[in-house]
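Take a look at the structure below.
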Amino acid sequence: MSIDLSLANLINVVFIAAGLGVCSLSILQVGTGMHIRKEVKVYFQLFFTFIDIYITMHIFRMLFEGHTETFFWIAIRAVTFIEFFVSGIMIYMLSLLIIYIANPGNEGKVTKNINKIFLVLLAIHTIGLLIDQFTNF
């Protein structure tokens, strides 16, 4: 197994490592925040964890590219699926946060309907990713 150690890849690895560090420290900081509501802590810890997963999958994909062996072909497909699935979840979570900020404390019919629309969009996103795993969609 050889890894492409071009200048561009080295710069990417440095920024990816910094991003992982910042997100991991953010998880710790939110977890130790004394004046943060429990729901907010859980939300941001999940969100930063998903960012860490996304960044980690990106670095794996970057390292696996260019290899033609079967293992790497399967690994690239799996890592790409996880990366794009997690990005869909992050978009969904961010959408929920925006709805909450726009109308705090009001979980009315409109909010529930918008949440259902977001869930349908996330399901379509996931179905598209699953179809891509078995076709060249």
Side-chain angles (χ1 to χ4, degrees):
M1 177 175 135
S2 64
I3 299 172
D4 179 19
L5 293 177
S6 66
L7 180 62
N9 277 351
L10 288 175
I11 291 170
N12 277 336
V13 168
V14 168
F15 280 110
I16 288 169
L20 285 170
V22 167
C23 285
S24 298
L25 289 174
S26 296
I27 292 169
L28 290 174
Q29 183 177 9
V30 168
T32 59
M34 298 177 78
H35 302 292
I36 302 175
R37 289 192 349 227
K38 183 180 178 185
E39 301 85 15
V40 175
K41 279 185 185 184
V42 170
Y43 175 87
F44 279 108
Q45 285 177 327
L46 278 172
F47 193 77
F48 287 127
T49 300
F50 283 129
I51 292 173
D52 271 346
I53 293 169
Y54 177 84
I55 293 170
T56 302
M57 294 302 114
H58 181 76
I59 195 167
F60 283 148
R61 188 167 50 91
M62 184 183 79
L63 293 174
F64 293 162
E65 283 179 347
H67 296 281
T68 57
E69 296 88 12
T70 304
F71 168 79
F72 291 107
W73 182 82
I74 292 170
I76 287 173
R77 293 188 72 83
V79 163
T80 303
F81 175 82
I82 294 168
E83 182 180 357
F84 285 101
F85 179 70
V86 168
S87 71
I89 291 174
M90 289 188 306
I91 292 168
Y92 171 72
M93 289 181 70
L94 195 57
S95 300
L96 292 180
L97 178 65
I98 291 169
I99 289 172
Y100 178 77
I101 290 171
N103 200 7
N106 186 5
E107 292 187 23
K109 185 177 180 180
V110 174
T111 303
K112 289 180 182 178
N113 288 337
I114 292 172
N115 185 30
K116 288 177 186 175
I117 291 169
F118 288 147
L119 282 172
V120 167
L121 290 173
L122 182 59
I124 291 169
H125 173 75
T126 304
I127 290 168
L129 288 172
L130 287 171
I131 290 170
D132 181 57
Q133 291 298 304
F134 305 105
T135 66
N136 288 325
F137 176 52

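Basis for what follows: all heavy atoms, side chains included, without hydrogens, waters or symmetry-related copies.
With a 6.0 Å radius and a threshold of 12 heavy atoms from other residues, nucleotides or ligands, Gln29 has its CD atom at or below the threshold.
Across every non-hydrogen atom of Ser95 and Phe118, the tightest pair is CB-CE1, 3.5 Å.
Counting only residues at least two apart or on different chains, no side chain to side chain donor-acceptor pair (under 3.5 Å) pair has a member in residues 120-131. Each salt bridge (Lys or Arg N to Asp or Glu O under 4.0 Å) pair with one or both residues in residues 91-103, not counting sequence neighbours, would appear here, but there are none.
With rounding to the nearest 0.5 angstrom, the CZ atom of Phe81 is 9.5 Å from the CG atom of Asp132.
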All N/O donor-acceptor pairs, side-chain side in residues 85-93, below 3.5 Å, sequence neighbours left out:
unit_1: Ser87; atom_1: OG; unit_2: Phe84; atom_2: O; d: 2.7
unit_1: Tyr92; atom_1: OH; unit_2: Asn115; atom_2: OD1; d: 2.7

For residues 53-60, which side-chain donor-acceptor pairs fall under 3.5 Å, sequence neighbours excluded?
unit_1: Thr56; atom_1: OG1; unit_2: Asp52; atom_2: O; d: 2.7
unit_1: His58; atom_1: ND1; unit_2: Arg61; atom_2: NH2; d: 3.3
unit_1: His58; atom_1: ND1; unit_2: Glu83; atom_2: OE2; d: 3.4

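Note: the hydrophobic cluster containing Phe44 does not contain Leu28 (ILVMFWY, side chain heavy atoms under 4.5 Å, direct or indirect links). Side-chain heavy atoms closer than 4.5 Å link hydrophobic residues (I, L, V, M, F, W, Y) into clusters, and following such links, possibly through other members, connects Leu94 to Val42. Put simply, Val14 and Met62 are part of two different groups of oily side chains (I, L, V, M, F, W, Y) that touch within less than 4.5 Å, one to the next. The cluster map of Ile, Leu, Val, Met, Phe, Trp and Tyr, joined by side-chain heavy atoms under 4.5 Å apart, puts Val22 and Ile16 in different clusters.
Under a 4.5 Å side-chain heavy-atom cut-off, the cluster of Ile, Leu, Val, Met, Phe, Trp and Tyr residues that includes Trp73 is completed by Ile74.
Remark: Glu39 pairs with Arg37 by the side-chain hydrogen bond (donor to acceptor under 3.5 Å, both in side chains) rule, at least two apart or across chains.
Applying the side-chain contact (heavy atoms from CB on, under 4.5 Å) test between Ile114 and each of Leu119, Ile99, Ile98, Leu96 identifies Ile99 as the sole match.
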